[in-house]
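Since the structure comes first, as structure tokens, the remarks are kept for the end.
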Amino acid sequence: MLKLLRTSLAIRLSLLLFAVTVAGALLGFAWEDAVYSREPDSPLEKAELRAAEMLPPPSRSPERTREEQAILARSLSGFPPYPGVSSAPEALAADYLGPDVPIAVAWFSTKDSPRQVLSHYRGLLMDAGLPPLSADLGTNGGYVGYWSPADDEVRLVSVLAQSGETLVFVSAGQMAKLADRGLRVPDWMPMPASAVDPQFISLKMEGATNHVVTGKMAEDSLAESEADWRKALGGRGWHMGNTAESMGQTRAFEVSHDGTVGQMLLRQTGTGVEFNLSLMQRAQTSE
């Protein structure tokens, strides 16, 4: 039971990381979809239809609920199964970016590396005549996907390395409304003036809302960046914990305010300091 609980927590944490990366990627795809033709019977549409013909129907299990079957059908429609997976695809989440941004996510695991998975799907898309859009985030992950003009969906395979295996998230989402909505940081969230181009995402999952804001700092040092954040948070009445530093490359501390809890992570990179503020708000229940 403990192992199952740990596995479930690991998957949820991975989903949060996945969602932050993927939502940003999907938003970028929505902004850039003008690159592709929307004309009826365009070469891209024809290639997409040919790719769809290559795909077997999602496997069905009597143990899955109708909701899980629906999520699998939505998320797996754009990609064929990956060969030699360690686990069969399972429904993970749906519509966590809000009711106006439908998205469905399934996941499976494999012993192959993230780059092997990305290479496989990138080659498949190219063979089907689909122009892949992708990002290789090193040995730890990345994503590859394409935009389907037939239903205005962005379909994506995102990978994360974890504990000797690769978690693979397959998603399909309609991102136009997310682009229209934008990623403006809400007024209630403290933000220092030295934060550069912050991006905000809210994820509604499992009785809670997860808020994530990421970006870069104008300051070049971890110490100065941390001081700026502590001043901004403290000035708005937020409580902060002690700092945990790792190898002089990252600094982290817990934050809380009026039922919202989370963590600030600052990371030194070759181009400066990046920040990631992750918060969780429990859903209010009526007694």
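Values in this document were obtained by computation on a predicted structure and should not be read as measured data. Values below: all heavy atoms of this structure, side chains included; hydrogens, waters and symmetry mates excluded.
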key: Derivation of the side-chain contact (heavy atoms from CB on, under 4.5 Å) call for V170 and R155   = CA-CA 8 Å; V170 186; R155 296 168 181 171; over 6 Å; no
ask   = Run the side chain to side chain donor-acceptor pair (under 3.5 Å) check on S221 and E224 step by step: do they pass?
value = CA-CA 5 Å; S221 76; E224 291 174 324; 3.1 Å; yes
Side chain to side chain donor-acceptor pair (under 3.5 Å) against T243, all qualifying residues, sequence neighbours excluded = E226, R230
request  = Dump the intermediate steps for side-chain contact (heavy atoms from CB on, under 4.5 Å) on S171 and V105, then the final yes or no.
outcome  = CA-CA 4 Å; S171 66; V105 186; 4.0 Å; yes
request  = With sequence neighbours excluded, tell me which residues meet salt bridge (charged side-chain N to carboxylate O under 4.0 Å, His left out) with R267.
outcome  = E274
ask   = Got a sec, which residues hit side chain to side chain donor-acceptor pair (under 3.5 Å) with S194, two or more places apart in sequence or on another chain?
value = D228
request  = Would you name the heavy atoms of A172 and E153 that are closest together and state the gap between them?
outcome  = CB-OE1, 3.6 Å
inquiry  = Just so I know, are the side chains of S77 and F79 near enough to count as touching, which here means a heavy-atom distance under 4.5 Å?
reply    = no
request  = Return the minimal non-hydrogen interatomic distance between K111 and G164, and the atom names on each side.
outcome  = CD-O, 4.1 Å
ask   = Taking the side chain as C-beta and beyond, is there a heavy-atom pair between L279 and V261 under 4.5 Å?
value = no
request  = Please round to the nearest 0.5 Å and tell me the distance separating atom CD1 of I71 and atom CG of L76.
outcome  = 10.5 Å
remark   = Rounding to 0.5 Å, atoms OG (S113) and CG (L118) come to a distance of 8.5 Å
request  = Compare all side-chain heavy atoms of P198 with those of M189 and state whether any distance is below 4.5 angstrom.
outcome  = no
query = Which pair of heavy atoms, one from A106 and one from S75, lies closest together, and at what distance?
reply = CB-OG, 3.2 Å
task = Tell me, please, which residues at least two apart from Y82 pass ring pair (Phe, Tyr, Trp, His ring centres under 6.0 Å).
result = H120, Y121
remark   = Heavy atoms of V168 and V159 approach each other most closely as CG2-CG1, 4.0 Å
key: E254: salt bridge (charged side-chain N to carboxylate O under 4.0 Å, His left out) partners, not counting sequence neighbours   = none
message = For the backbone of D112 and the side chain of T166, can you confirm whether one donor and one acceptor N or O come within less than 3.5 Å of each other?
response = yes
key: With F275 via ring pair (Phe, Tyr, Trp, His ring centres under 6.0 Å) - residues at least two apart   = W229
remark   = CD of E219 to CG of L266, rounded to nearest 0.5 Å, is 11.0 Å
ask   = With sequence neighbours left out, what residues match Q263 under side chain to side chain donor-acceptor pair (under 3.5 Å)?
value = none
request  = Give the C-alpha distance, both sets of side-chain angles, the deciding distance and a yes or no for side-chain contact (heavy atoms from CB on, under 4.5 Å) between E90 and F108.
outcome  = CA-CA 6 Å; E90 295 291 344; F108 62 86; over 6 Å; no
message = I'd like to check the salt bridge (charged side-chain N to carboxylate O under 4.0 Å, His left out) partners of D258; sequence neighbours left out, ordered by chain and number.
response = none
key: Selection residues 68-84 - residue pairs positive for salt bridge (Lys or Arg N to Asp or Glu O under 4.0 Å), sequence neighbours left out   = R74-D95
Residue pair V157, Y143: steps toward the side-chain contact (heavy atoms from CB on, under 4.5 Å) verdict = CA-CA 5 Å; V157 172; Y143 61 83; over 6 Å; no
ask   = With sequence neighbours left out, what residues match E245 under side-chain contact (heavy atoms from CB on, under 4.5 Å)?
value = R251
ask   = Should L125 and V144 count as side-chain neighbours, where that means a heavy-atom distance under 4.5 Å?
value = yes
Heavy-atom closest pair, residues L233 and F253 = CD1-CE1, 4.0 Å
query = Should L265 and L277 be counted in the same cluster of Ile, Leu, Val, Met, Phe, Trp and Tyr side chains packed under 4.5 Å apart?
reply = no
inquiry  = Is the shortest side-chain heavy-atom distance between P89 and W107 below 4.5 Å?
reply    = no
inquiry  = Using the side-chain contact (heavy atoms from CB on, under 4.5 Å) criterion, which residues pair with K231? Sequence neighbours excluded.
reply    = none
note = So CH2 of W238 and OG1 of T260: to nearest 0.5 Å the spacing works out to 5.5 Å
ask   = What pairs with Q268 under side-chain contact (heavy atoms from CB on, under 4.5 Å), at least two apart in sequence or on another chain?
value = L222, Q249, V273
